[in-house]
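Quick notes on the structure that follows.
Nothing here was measured: the structure is a model prediction, and the numbers come from that model.
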Amino acid sequence: MIKRIFFPFLVVALLFTMAIPASAGKIFSDVGEQFTAKAELEFLAEQGIVTSGPTIAFGINRSITRLEASEMLVRALHLDTTNRPSPSLIDVKKDNPGYDVIATVVDEGIILGNLKKEFNPKALLTRAEMSAILVRAFDLKLPKSASPFKFVDVDQKSFAASTIRILFANNITFGYPDHTFKPTMTLTRAHFGIFLARIMNPKFQDSLTCYTPVSKKTHHVNVAVTTLWKSPNLARTVDRPAVSTPSDIGKWTKTMTIPQKQWLVGKTETQALYGQEVEVLSTSGDWMQVAVKNQYSPKNKAGYPGWVPKSHIQASYSDYAQCNTVLVTKPTTTLYQDKSKNRPFMEISFNTSLPILEVQTGWVKVQTPLDGVKYVQKQDVKVVEKGKGLAKPTQQDILSSAKQFNGLSYLWAGTSGFGLDCSGFTYSVYRQHGIDIPRDASVQATHGLAVSKNNLQPGDLLFFAYNNGKGNVHHVGMYIGDGKMIHSPNPKKTVEILSINAEPYRSEFSGARRYLK
C-alpha cells in the first residue's frame, strides 16, 4: 500500500465564500471572475488535480460522482495507481474506465464498496459519504477537546455521524449557513473542490471565531429589509419589489406614486432588517406571521407583529452572543463578497447589525445569518464590543444621525435607510445609539421623561394629536434646537426640518418626552 500524503492544520469551513481574492484570468469556461470559488478551483488546476483551460468546463453546478471524487483524491494525495490489487467489486472490471483509480482508492481504504460489493462509480456523492471519505483519506481524528455539538439534522445512529463530528471538531466544515449539515444532499464538483483546496492550502481556510452552534432553532430575516403587513396577501403588483426575494425596498419607494404610498397606511405595520431575529407566530400559505423581537409594542409581548413572505425568513441553529458586532451608520451601505468593490452582494440598511469575524484595514469581515462570510467597508459601520454596548450618546450624536436622513422619502411602516415613517425615524435614530424606545408614536408618547415645551432640549421627541392636541397621538418629530424639529411627515413629503410653530404642528402639539438622560 502506498503511503498517503497528509496535510497539517486542517482548519476548513465550507461556507461558500472566499477568504482570498481570485486572481485574473479565465481558468474554466464556466468559472467567471465573479465566481465565489474561483481562487480555490484555480489552485486545484495549478496542482494538476483537475484539467483547466478557457474552453474546458469545470462543471461547477454538476453533482460529483464517486469516480470523479476518486480521481481528484488520487491526484491530490499523489497516489501511485500502478500494480494495485483487484478491488474485487462486481461492477468494476479491468477494462472499465477509471479501473486503476478505483482499485487505488479501494486499496488505500479511502472509498469502499457497498454490502453488495458494488462501487457504483457513476453514483452521486452525498455529503454524508463525503465526510467518511475525507476522514479516511486524511486520517482525521476526534480531538480530545472536541465539543459535544451535534448537527440537528444528522441521525446519530447513521454511518456518517462520527465522521461528520470529526470534520466539525477539526474545523473542516461548520455545515451550511443555516448551521445544518444536510447529510443526504449531493455535492457539486465545485463544493468538493472547495473542500480539497482548503485542506491542501491554508490560505483558503476559514475558522469559527465567536460562533457557538446550538440545537435551538431561531428565525432570522434573510433579505435586506422585510416589510410586515397587517394581514397576508395584501401586496399589490407595485409592491412586488417589497415582497420578492431578494427584496428591493429602494426600488419600491422610487416606483410608487403618492396615492400608492398613501394606500399603505393601515396596510403595513413595520419593517425588520437583514439578520434580525423574529419569533414565528403562525403561517398562512406563503405568508408567515412574525414578531420582531427588538421592536417593543403592546400588540405582542414577543415584539412588533405582522405578516411577511415566508421566503424572507430562514431558520438557523447558531448563537453569536459572544461576538462583537458591526452596526451600519450610513442610511445604506453594501455588503461585498470579498475585500473589493467589484463583487457586491447586497445593499443593506442603517442599523443592520452583524457579527464580526475580523476587523481588517478598511474592511470588516462579517458573518451573515444564512449567506456565509461577507465584507463591509469599515467607514460605513461602527464596532460594538460584546458586553460593553454603545457609549452614551450626546445630543449632537443623536442629531447627527437624524440629520443624515434629511430629504429621505417617507414610507409608512418604514424603519430603514430606504424610507421612514415618523415613529420609524425616531425609533431608528435612537436605536443607532443603543437606546431602545417603543416603535409607535402613540406608545413613544407614554414612555421616557415628560418635559414641557419651554424646557425642550435637542433630541427630545415632540408629539402631535388630533383635536388640537387633545386627541389621539398621530405624529412624532425630534427637536433639534432653535425652535426647530426634524421629522418624516407624510407620503407627500420627505424627511424635513421646520419650525415647531409651523401649522398644523403648533396647534396639534400634545407633549414632549426625553429619552436621552
Taking the side chain as every heavy atom from C-beta outward, state whether Thr334 and Asp380 have any pair of such atoms under 4.5 Å apart. no

Sidechain-backbone polar pair: Asp30 side chain, Ile60 backbone, donor-acceptor under 3.5 Å: yes

Do Gln360 and Lys339 pair up side chain to side chain, a donor and an acceptor below 3.5 Å, judged on atom types alone? yes

Atom pair NE2 (His312) and CD (Gln314), whose distance is rounded to the nearest 0.5 Å: 10.0 Å

Would you find a donor on one side and an acceptor on the other, under 3.5 Å apart, between the side chain of Gln271 and the backbone of Thr415? yes

Does NZ or CZ of Arg189 lie under 6.0 Å from the centre of the six-membered ring of Phe58, at an angle within 45° of the ring axis? yes

Side-chain H-bond candidate by donor/acceptor type, Ser428 with Gln432, under 3.5 Å: no

Gln404 vs Ser400, side-chain hydrogen bond (donor to acceptor under 3.5 Å, both in side chains): CA-CA, chis, key distance, verdict: CA-CA 7 Å; Gln404 69 178 327; Ser400 293; over 6 Å; no

Do Leu335 and Val366 make a side-chain contact, defined as non-hydrogen atoms from C-beta onward lying under 4.5 Å apart? yes

In this structure, NZ of Lys182 is separated from CG of Leu187 (nearest 0.5 Å) by 12.5 Å

Considering all heavy atoms, the nearest Asn300-Ala291 contact: OD1-CB, 4.5 Å

Taking CZ in Arg236 as the centre, count heavy atoms belonging to other residues, nucleotides or ligands within less than 6.0 Å. Is the count above 12? yes

For the residue pair His475 and Tyr505, does the interplanar ring angle fall in the parallel (under 30°), tilted (30 to 60°) or perpendicular (over 60°) class? tilted

Would you check if there is a donor-acceptor pair between the side chains of Lys299 and Tyr304 at a distance under 3.5 Å? yes

When you measure from the side chain of Ser499 to the backbone N and O of Asn501, does any donor-acceptor pair fall under 3.5 Å? yes

Does Lys310 reach the main-chain N or O of Gly285 with its side chain, forming a donor-acceptor pair under 3.5 Å? yes

Per the side chain to side chain donor-acceptor pair (under 3.5 Å) rule, what does the pair list look like for residues 444-467, sequence neighbours excluded? Gln395-Gln457, Thr426-Gln444, Ser452-Asn454, Asp460-Arg514

Trp263 vs Asp239, test: side-chain contact (heavy atoms from CB on, under 4.5 Å). Steps then yes/no. CA-CA 11 Å; Trp263 179 90; Asp239 303 319; 4.0 Å; yes

Quick check: does any side chain N or O of Ser401 sit under 3.5 Å from a backbone N or O of Ile398, one acting as donor and the other as acceptor? no

For residues Ala445 and Val473, report the shortest heavy-atom separation together with the two atoms involved. CB-CG2, 4.0 Å

Does any N or O in the side chain of Asn490 come within less than 3.5 Å of the main-chain N or O of Lys492, such that one atom is a donor and the other an acceptor? yes

Over all atoms of both residues, closest heavy-atom pair of Ile258 and Pro491: CG1-O, 4.0 Å

OG1/Thr368 to CD1/Ile348 distance, rounded to the nearest 0.5 angstrom? 10.0 Å

More than 12 non-hydrogen atoms from neighbouring residues, nucleotides or ligands closer than 6.0 Å to CG on Asp436, yes or no? yes

Go through Thr394 and Asp397 one step at a time and tell me if the side-chain contact (heavy atoms from CB on, under 4.5 Å) criterion holds. CA-CA 5 Å; Thr394 64; Asp397 291 333; 3.2 Å; yes

Give a yes or no on this: more than 12 heavy atoms of other residues, nucleotides or ligands lie within 6.0 Å of atom NZ of Lys330. no

Just verifying a value: how many Å separate Phe418 CZ and Ser247 OG, rounded to the nearest 0.5 Å? 8.0 Å

Take Gln367 and Val373 through the test side-chain contact (heavy atoms from CB on, under 4.5 Å) and record every step on the way to the result. CA-CA 5 Å; Gln367 176 68 47; Val373 176; 3.9 Å; yes

From the list Leu273, Val278, Val292, side-chain contact (heavy atoms from CB on, under 4.5 Å) with Val221 holds only for Val278

For a 4.5 angstrom cut-off between non-hydrogen side-chain atoms, does Asp248 reach Glu347? no

Side chains of His487 and Glu496: any donor to acceptor distance under 3.5 Å? yes

Keeping the roles fixed (side chain from Ser510, backbone from Phe463), state whether a donor-acceptor pair exists under 3.5 Å. yes

Is a side-chain N or O of Thr253 found less than 3.5 angstrom from the main chain of Gly250, in a donor-acceptor match? yes

For the residue pair Leu498 and Lys484, establish whether any side-chain heavy-atom pair is separated by less than 4.5 Å. no

Quick one: are Tyr296 and Pro298 in side-chain contact, heavy atoms under 4.5 Å? yes

Ignoring hydrogens, what is the shortest heavy-atom contact between Ser349 and Val328? Give both atom names and the distance. O-CB, 3.4 Å

Give me the atom names and distance for the closest heavy-atom approach of Ser282 to Trp307. OG-CH2, 3.4 Å

Atom pair NE2/OG1 of His433 and Thr329 - distance to nearest 0.5 Å: 9.5 Å

Would you give the length of the straight line joining atom OG1 of Thr188 to atom CG of Asn61, rounded to the nearest 0.5 angstrom? 6.5 Å

Mind checking whether Tyr375 and Trp363 have parallel, tilted or perpendicular rings, split at 30° and 60°? perpendicular

salt_bridge(Lys261, Asp421) N-O dist < 4.0 Å: no

Could you report the tightest heavy-atom contact between Ser423 and Ala441, atom names first, then the distance? CB-N, 3.3 Å

Measuring only between side-chain heavy atoms, which start at C-beta, is Phe405 closer than 4.5 Å to Phe350? yes

Determine whether the aromatic ring centres of residues Phe28 and Phe35 are separated by less than 6.0 angstrom. no

For a 4.5 angstrom cut-off between non-hydrogen side-chain atoms, does Asn324 reach Val359? no

Are the side chain of Tyr515 and the backbone N or O of Gly459 linked by a donor-acceptor pair below 3.5 Å? no

Just so I know, are the side chains of Thr173 and Arg127 near enough to count as touching, which here means a heavy-atom distance under 4.5 Å? yes

Kindly say whether Gly483 contributes a backbone atom to a donor-acceptor pair with the side chain of Tyr479 at under 3.5 angstrom? yes

Test side-chain contact (heavy atoms from CB on, under 4.5 Å) on Val383 and Lys378 and set out the steps. CA-CA 9 Å; Val383 173; Lys378 193 175 180 180; 5.8 Å; no

